[in-house]
Amino acid sequence: MGSLPAFKFISSVILAGLLFPAGAAADAIDGTWCNGARTFHIDGQIIRTPDGVLKKGDYDRHSFKYAGSPNDYWKEKIIQMDLTDDETLRLVPGENLPPQIWRRCKPST
């Protein structure tokens, strides 16, 4: 009977791995982010800015940085974004401007 507790433990670990797989997409900055009516989308090193411009940036799984264009919403500032949790992103739109909180956009039905 000594092996029954070990079997239950191993079964629980396997079940947890199936229900909560590691590396879920939400654990990355990639995706569409919303702040009011404004949105942007990150896909690896490419961002579609709130103005709809495609730009290449410095991508890390949990952060993204790019330089705004003269006609961008944030002009020519360096925009730094950091994932604070799966659904929240902290965006710093250049020096001397307050940070903004963006949320992962919900799929429309």
Look up atom CD1 in I29 and atom OG1 in T84, then write down how far apart they are to the nearest 0.5 Å. 9.5 Å
Side chains of R103 and T88: any donor to acceptor distance under 3.5 Å? yes
Gap between atom OG of S63 and atom CG of L89 - 0.5 Å precision: 9.5 Å
Should I46 and Y66 be regarded as members of a common hydrophobic cluster, given that ILVMFWY residues are connected when their side-chain heavy atoms come within less than 4.5 Å of each other, either directly or indirectly? no
Run the numbers on L91 and F40 for side-chain contact (heavy atoms from CB on, under 4.5 Å), then give the verdict. CA-CA 12 Å; L91 183 146; F40 64 82; 3.9 Å; yes
Heavy-atom nearest pair, A67 first then K55, reads O-NZ, 2.9 Å
Apply side-chain contact (heavy atoms from CB on, under 4.5 Å) to R38 and list each qualifying residue two or more places apart in sequence or on a separate chain. N35, Y73, W74, Q100, W102
Among H41, R48, K106, R104, find the residue that satisfies the side chain to side chain donor-acceptor pair (under 3.5 Å) test when tested with T32. H41
Under 3.5 Å, side chain of K65 to main-chain N/O of I78, donor-acceptor pair present? no
Nearest heavy atoms of I79 and P93, plus distance in Å: CG1-CA, 4.3 Å
So does G44 get a backbone contact from the side chain of D30, meaning a donor-acceptor N/O pair under 3.5 Å? yes
Looking only at heavy atoms, which two atoms of L83 and A28 are closest? And how far apart? CD2-C, 3.7 Å
